[in-house]
A.B. asks: 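Questions regarding the structure given below will be posed in turn.
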Number of protein chains: 2
Amino acid sequence: MRPFKHPPADEFALERIFHALSDPARLEIVRRLAHVEAATCGELDGGRPKSSMSHHFRILREAGLVHTRGAGTLHQNSLRRTELDTRFPGLLDAVLRQAP
Amino acid sequence: MRPFKHPPADEFALERIFHALSDPARLEIVRRLAHVEAATCGELDGGRPKSSMSHHFRILREAGLVHTRGAGTLHQNSLRRTELDTRFPGLLDAVLRQAP
DNA sequence: CGTTAAGTTCGATACTAGTCGAACTATCGA
DNA sequence: TCGATAGTTCGACTAGTATCGAACTTAACG
């Protein structure tokens, strides 16, 4: 499995993060990830096909919102919460306070 | 002059706000508006044509980020800061802390 | 009025992004 | 090793969006 590209926290771009969060499907993914330690792609699809989910996770990963690590045949995704809170204090809280 | 449509604070949609902020031109507008009481469209174009600016201001208005009021022949735009802070505490701060 | 100035609207174009099926890859288990 | 499973990649289609010139609207001022 190819390793994923995860930008370091000092390369996070606000525009990219906002773009990632401007899609309802991705906003929902982020919110659901906030309640768990990690989740697989399959656990978070809302009936959407796998190729669509893969696309959304890639956007979230490249924005720096989500970290994905392979665990056997499945991928565990987690919110990069502490890094995001350090780099953009208040942003994630604002998102999550909205619709818990 | 046609009155502008300004959504009430309880109709702000996070997706729409994020989309509005995902464009570099609009992010810059918001940041510059944070430093002044109000500004006209012309004061904030970065050499961009008026039709482009008008487009961006409409997106910002309809997301609830900016309020526009006509003052004679020019339009005064201001950040809806208190309403945004009430509805999404921390969000605007996160944006503005980033690049003052 | 006629003019100037500030923005808006319209229309065309180009680019960007979301959706989803099909084929591919990698890993685990029988 | 064969098959099943989880996810990625590819390709095509579609929908949305940015850009910008040109025409239009509105208001202030001679």
Side-chain angles (χ1 to χ4, degrees), chain A residues 1-7 13-30 32-33 36-78, chain B residues 1-7 13-30 32-33 36-78:
Chain A
M1 141 169 60
R2 252 182 246 56
F4 292 113
K5 187 176 67 175
H6 290 104
L14 211 42
E15 283 103 324
R16 194 177 294 271
I17 289 181
F18 284 144
H19 168 247
L21 293 174
S22 69
D23 184 282
R26 293 192 292 260
L27 199 50
E28 189 194 330
I29 290 173
V30 168
R32 294 181 59 183
L33 277 181
V36 294
E37 190 62 34
T40 64
C41 305
E43 290 174 315
L44 298 179
D45 64 3
R48 279 174 275 262
K50 301 199 289 184
S51 53
S52 296
M53 291 310 287
S54 192
H55 166 70
H56 288 310
F57 274 106
R58 191 170 64 83
I59 303 285
L60 289 169
R61 255 196 314 269
E62 294 181 353
L65 285 159
V66 164
H67 184 267
T68 304
R69 81 198 108 245
T73 165
L74 32 77
H75 290 183
Q76 291 292 348
N77 301 283
S78 54
Chain B
M1 144 170 60
R2 254 184 245 55
F4 292 112
K5 184 175 69 175
H6 290 102
L14 211 42
E15 284 102 325
R16 195 178 293 271
I17 289 181
F18 284 144
H19 168 247
L21 293 174
S22 69
D23 184 283
R26 293 194 290 260
L27 198 50
E28 189 194 328
I29 291 174
V30 168
R32 295 180 59 184
L33 276 181
V36 295
E37 188 63 34
T40 63
C41 304
E43 289 173 314
L44 297 180
D45 64 4
R48 280 175 273 263
K50 300 199 289 182
S51 52
S52 296
M53 292 308 288
S54 192
H55 166 70
H56 289 309
F57 272 108
R58 191 170 64 81
I59 303 285
L60 290 169
R61 253 195 316 270
E62 295 181 352
L65 285 159
V66 164
H67 184 266
T68 306
R69 80 198 110 245
T73 166
L74 34 75
H75 291 183
Q76 290 292 348
N77 301 282
S78 54

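Here is how names work: the chains are called A, B, and so on, in the same order as the sequence lines, proteins then strands, and each is numbered from 1.
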A.B. asks: From the set C:dA6, C:dT8, D:dG7, return the single nucleotide nearest to any side-chain atom of B:F4.
C.D. replies: C:dT8

A.B. asks: Taking A:N77 for its side chain and A:T68 for its backbone only, find out whether a donor-acceptor pair lies under 3.5 Å.
C.D. replies: no

A.B. asks: Let me know the distance between CZ of B:R48 and C1' of C:dA6, rounded to the nearest Å.
C.D. replies: 18 Å

A.B. asks: Whether the side chain of A:R32 engages the backbone of A:E43 through a donor-acceptor N/O pair (distance < 3.5 Å, no angle test) should be reported.
C.D. replies: yes

A.B. asks: For B:Q76 and D:dA27, give me the distance from atom CD to atom P, rounded to whole Å.
C.D. replies: 16 Å

A.B. asks: Please confirm whether the shortest side-chain N or O distance from B:H75 to OP1 or OP2 of C:dT8 is below 4.0 Å.
C.D. replies: yes

A.B. asks: Quick check: does any side chain N or O of A:S54 sit under 3.5 Å from a backbone N or O of A:S51, one acting as donor and the other as acceptor?
C.D. replies: no

A.B. asks: Determine the minimum heavy-atom distance between B:Q76 and B:A38, stating which atoms define it.
C.D. replies: OE1-CB, 3.6 Å

A.B. asks: How many Å lie between NE2 on A:H55 and P on D:dT14, as a whole number?
C.D. replies: 18 Å

A.B. asks: May I ask you to verify whether the side chain of B:S51 and the base of D:dG21 hold a donor-acceptor pair under 3.5 Å?
C.D. replies: yes

A.B. asks: Given that A:T73 and A:I59 both sit by DNA chain C, which one's nearest nucleotide is further toward the 5' end?
C.D. replies: A:I59

A.B. asks: Hey, which of these two, A:H19 or A:K50, hits DNA chain C nearer its 5' end, going by closest nucleotide?
C.D. replies: A:H19

A.B. asks: What's the NE2-P distance between B:H56 and D:dA18, to the nearest Å?
C.D. replies: 7 Å

A.B. asks: May I ask you to verify if any side-chain N or O of A:R26 is less than 4.0 angstrom from the OP1 or OP2 atom of C:dG18?
C.D. replies: yes

A.B. asks: Does C:dA6 have its OP1 or OP2 closer than 4.0 Å to a side-chain nitrogen or oxygen of B:T40?
C.D. replies: no

A.B. asks: Using ring centroids (six-membered ring only for Trp), state whether A:F57 and A:H75 fall under 6.0 Å.
C.D. replies: no

A.B. asks: Distance check needed: D:dT17 P versus B:L60 CG, whole Å only.
C.D. replies: 14 Å

A.B. asks: What integer distance in Å separates A:R16:CZ from C:dT16:P?
C.D. replies: 13 Å

A.B. asks: Checking all strands, does A:R61 fall into the base, sugar-phosphate, or nothing category for heavy-atom contacts under 4.0 angstrom?
C.D. replies: sugar-phosphate

A.B. asks: Ignoring the backbone of A:R58, work out which of D:dG7, D:dT9, D:dT19 is nearest its side chain.
C.D. replies: D:dT9

A.B. asks: Could you check how far CD of B:E15 sits from C1' of C:dA17, rounded to whole Å?
C.D. replies: 16 Å

A.B. asks: Of the candidate nucleotides C:dT9, D:dT19, D:dT9, which contains the atom at the shortest distance from the side chain of B:S54?
C.D. replies: C:dT9

A.B. asks: Separation of A:F57 atom CZ from C:dT19 atom P, in whole Å?
C.D. replies: 14 Å

